[in-house]
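To start, the structure itself, in structure tokens.
To find a chain, count down the sequence lines: A is the first, B the second, and so on, and within it residues start at 1.
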Amino acid sequence: MGSTRTMSDSSSGYDPSAIEPKWQAEWDDAEVFRTPDSAEDVEYVLAMFPYTSGNLHMGHVRNYTITDAYSRYRRMQGEDVLHPMGWDSFGLPAENAAEERDTSPEEWTRKCIESMKAQMSEMGFGYDWDREVTTCDPEYYRWNQWLFKRFHEEGLVERKGSEVNWCPSCETVLADEQVEGEAELCWRCDTPVTQRDLDQWFLTITDYADELVDDIDELAGWPESVRAMQRDWIGRQHGARVPFEVEGYGEVEIFTTRLDTIHGATFFAVAPDSEIAQDLAKEDEDVAHFVEEVADPDGDEPNGVATDLTATNPATGEEIPVFVADFVLSDVGTGALMAVPAHDERDHAFATKKDVPIRPVIRPEDSEDDQRESSGQASGDLPDVEETAFTEDGVVDHSEVPADAAGTGGSDPADYDGLASADARSALEDDLPGAGHDKQYRLRDWGISRQRYWGTPIPMVHCEECGAVPVPDEDLPVELPEFVQTTGNPLDEVDEFVQTTCPDCGGPAERETDTMDTFVDSSWYFLRYTSPDREDAPFDTARANDWLPVDQYVGGIEHAVMHLLYARFVTKAISDLELLDHREPFQNLVTQGMVQLDGEKMSKSKGNVVSPQNIVEEYGADTARLFMMQAARPERDFDWKDEGVESSHRFLTRLYDAVEAHVDSPPAGEAGDVTDYVRREIDRVTAIADESYEQLTFTEALRETRELLSLLDRYAEATEPHAETVEAALSTIVRLLAPVAPHVTEELWSELGRADDQRESAERASGETASGEGFVAEAEWPTADGDLGRHQLERQLVEDTREDVRQIVDVADIEDPSHVEIAVAPEWKFEAHAIAREFDGDNLVGEIMSDERFRGEDGAPDYAKDLQAELQTLTETLDAATEAEVLARARWLIAEEFDAEVTVRAGEDADADLVRKAEPGRPAINIE
RNA sequence: GCGAGGGUAGCCAAGCCUGGAAACGGCGGCGGACUCAAGAUCCGCUCCCGUAGGGGUCCAAGGGUUCAAAUCCCUUCCCUCGCACCA
């Protein structure tokens, strides 16, 4: 930050460093943010809890300001709000830090929590700290273990030996979700991931794959991008499973999504690590060479080798060659596939390379638009697949399937001719022997074993006699032993931990030394907040049923797949344990955008980090919060700008000074037109601000409070203001701003209260909420008189009229206007306008002129013709009397601006020549 | 390649769902008020033309629907993110 502190006017008494700690302590003492267990139907507002790195960065501050502002808003509306916070406190970085600093992960983590908690308090975030949840506490992680056991009982836990992702730097395995990009880098440390074969514990999330993908449709409160990412990740595909007879190997099943193309399947392929390929490699040198030397599953080119085998295409009865090919992956589908070069790009490339026949069996769908287009192929013909495959759905056409291929496969290929692809698929599924509908998923089971110390011990014991045996519930939690420095997994080094007895047979046994992926911790923490102290259950079912789902969840997009998918899965699994009625944890989700500097992500390595602590010291937490909420709506990225921060700070200073000045020496003016205008404006601002908070956008609300404060300046310039009106305006601004800038508004609220007390209560406008009663954090949210649409019409009329006056003065080059006369259109024009808006016949002029209300009016036929011409474009207007009132209230604005006398007349009272030009929404103007 | 989200005046950015104002707001720029002056604050202007509120052109490009399009539909181009030899 700059070294010159010119921001705060030295004459201002606004001193965040004094105000902010004071109110933080007051809130604390008064337990403003506590949510009693007895609260019903709470509004659950939640930010993703932080990993305990020791420092809040700007991303955190933004995230937590959003939920804090929203929950404060809800609280002011009288809702019971649950806004808890906790610590995602297990994980490898704590072990690394412990190593570097010669301490233990536990000690390090506790320090981090302490420091982050202090930083959160400094920011003024209002959390119910009675509900704090810390995942590295045995009181928390025992429930990870307990849930693991319940899942185990339900068959949701498996121990599988498998090839797993291994990060050599973190010395642990990673879930598929934690390996990023084509380069396969560790999500934490960007080290290239290698493969290892290990026995691992898995949660069978795939059991819920269908429900997880189907329920995405119901998550209407989630961003489309996150929903799409989850769908992609689960990657469900509908298709068919079909057995092919392979000589010597019996039936080998393939999976295909394009069963309609089966008559064009001209070869068969198996993965290099398939049983068949491994088997053949023993005999066949070519195959062995390919499998050992050539096969490159990561390469771009499809490679393969012919075998001596053939497979029988069950649709045509043909014998087709079998290849071992590296583009066939053993963990996708069944690890074997039928290849249709005519209708699949990759199969086409391979067939061309290996000189396998390419036979089209699908033609483009007949459609009038298509007739001559689509690369010159007339519809009704099979596509030219010499150069490239035709991969779209179309219509089955078996005219090129050799006649002699038919017969052995059962039905006649011609039977399917003319069917649309989708229909052919279901028909073939029914007809082909052994075939059936099948689904495939990209989603794999969730490997949760980590060979690290700082995590939840997996509550299993390995007994030579009994195998893997769960630790009995009464022995939970299995607590972590003291940390030892070592390479590899520290738990393996602690004999007292490892050596145990088998719960089943009592014989010697060894504890499982793997700990759980930390995503297990965060997959249910939002449930624990409902009853963090329960010692007999992970959470209180009745309360969780009442309080869940989370109404508004806010966090980073980086959790779009992992955390959010795991949490959804665990919620469903817990629901099936009958511990919870809900099956989805988060109703509305906002993924907040990044805080950037010059369009770049802030990062330590780039050295472009703006530290929240510095900003708080320099400007105060309120300024930082206000700037962030004002700069952009939550889901968008935005640039950190010093100018913007300063501008926010100046605004708070001005507001502070305005309130102080008002309280010290209230103005003594009487109410009048100007006052009426200001009063109306208070309602308008309130209506707009409320909408903005409701939509969680904030920006409009904050802008309106700025404008209202400016208006008070103009008010004071125009006339001696009416004290209560000024106070109402200030009270409104303070309350509308309170969710975002809670400290300064708290201070000002109590100042306004002081002013209120000085006055006789009888003087107070009736129905007005008294300022300064209690905390602004608990004050009543302002409500607007009149609906938003009406307010906007009024504001529009004033803006348009002022604009017109300016234009006339400018265009007509009027030197020094002395008198501005404004004439509202006469009553009858408003009536005619209203008729026209409703009118749906042909002859509006006739309709109007036959109405005797208009017959005698000056200019009625012309106006009727005008209306007829604009018939379609007429929008709602105010009525004549309201228009006159609104303009009368706004008169002073024009008078101030041009230093001229301004009169506003109803149409009936104004000069006839002038009034002729007036229309509803557009008064006539004469300037002299 | 597939999927999602975008492209709005010098810059940032609202509006688009629910069609009807040259298009909110901020920054920057210009002019004015206040001031000894600077800063802060306030007012106005900031696509082009215009001596009474007018006219022209405009929301990536092109087409379409409509009385009317930044807004709805189609095509193309560009950007960002996610997935990707997935059968």
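Across all strands, A:R714 comes closer than 4.0 Å only to sugar-phosphate atoms, never to a base (heavy-atom distances). Heavy atoms of A:V805 sit nowhere under 4.0 angstrom from any nucleic acid atom. At the heavy-atom level, A:I557 lies nowhere under 4.0 Å from the strands shown. Residue A:D232 is classed as a base contact, given a heavy-atom separation below 4.0 Å to a base. Residue A:R231 is out of contact with every strand shown, counting any heavy-atom pair closer than 4.0 Å. In this structure, A:P817 reaches neither bases nor backbone, as no heavy-atom distance under 4.0 Å exists between it and the strands shown. Within the nucleic acid shown, A:R706 has no heavy atom closer than 4.0 Å to any nucleic acid atom. At the heavy-atom level, A:R636 lies under 4.0 Å from the strands shown only through sugar-phosphate atoms. Across all strands shown, A:T699 has no heavy atoms under 4.0 Å from either base or sugar-phosphate atoms. Across all strands shown, A:D347 has no heavy atoms under 4.0 Å from either base or sugar-phosphate atoms. The residue A:D438 sits apart from the nucleic acid: no heavy atom pair falls under 4.0 Å.
If you check residues 794-804 of chain A against RNA chain B, the residues with a heavy atom closer than 4.0 Å are A:Q796, A:R802, A:E803, A:D804, listed by number.
The interatomic distance linking A:L867 (CG) with B:G20 (P) rounds to 20 Å, in whole Å. At whole-Å resolution of the value, CZ in A:F898 and P in B:G32 are 17 Å apart. Rounding to whole angstrom units, CD of residue A:E897 and C1' of B:C45 are separated by 11 Å. Residue A:R654 contributes atom CZ, which lies 9 Å from atom C1' of B:C42 at whole-angstrom precision.
Classification of the A:F267-A:F323 ring pair by plane angle, with boundaries at 30° and 60°, yields perpendicular. Below 30°, between 30° and 60°, or above 60°: for A:F268 and A:F244 the angle between ring planes is between 30° and 60°, a tilted geometry. A:Y715 and A:W892 have tilted rings, their planes meeting at an angle from 30° to 60° on a 0 to 90° scale.
B:C34 and B:A38: their C1' atoms are spaced 13 Å apart (whole Å). Between B:C79 and B:G28, the two C1' atoms lie 25 Å apart (nearest whole Å). Rounded to whole Å, the P atom of B:C16 lies 26 Å from the corresponding atom of B:G64. To the nearest whole angstrom, the two C1' atoms, one in B:C47 and one in B:A52, are 23 Å apart. Distance check on atom C1': B:A84 versus B:G3 gives 11 Å, rounded to whole Å.
Stretches of at least 3 consecutive Watson-Crick or G-U wobble pairs, with each checked distance under 3.5 Å, appear in RNA chain B as B:1-7 with B:77-83, B:10-12 with B:25-27, B:28-33 with B:41-46, B:47-49 with B:54-56, B:60-64 with B:72-76.
Across B:U51, B:A40, B:C86, the shortest atom-to-atom separation from the side chain of A:L329 is found for B:C86.
Contact annotation: A:S225 side-chain N/O to B:G5 OP1/OP2 distance is not under 4.0 Å.
Residues A:L259 and A:L432 form a side-chain contact, since some pair of their non-hydrogen atoms from C-beta on lies under 4.5 Å apart.
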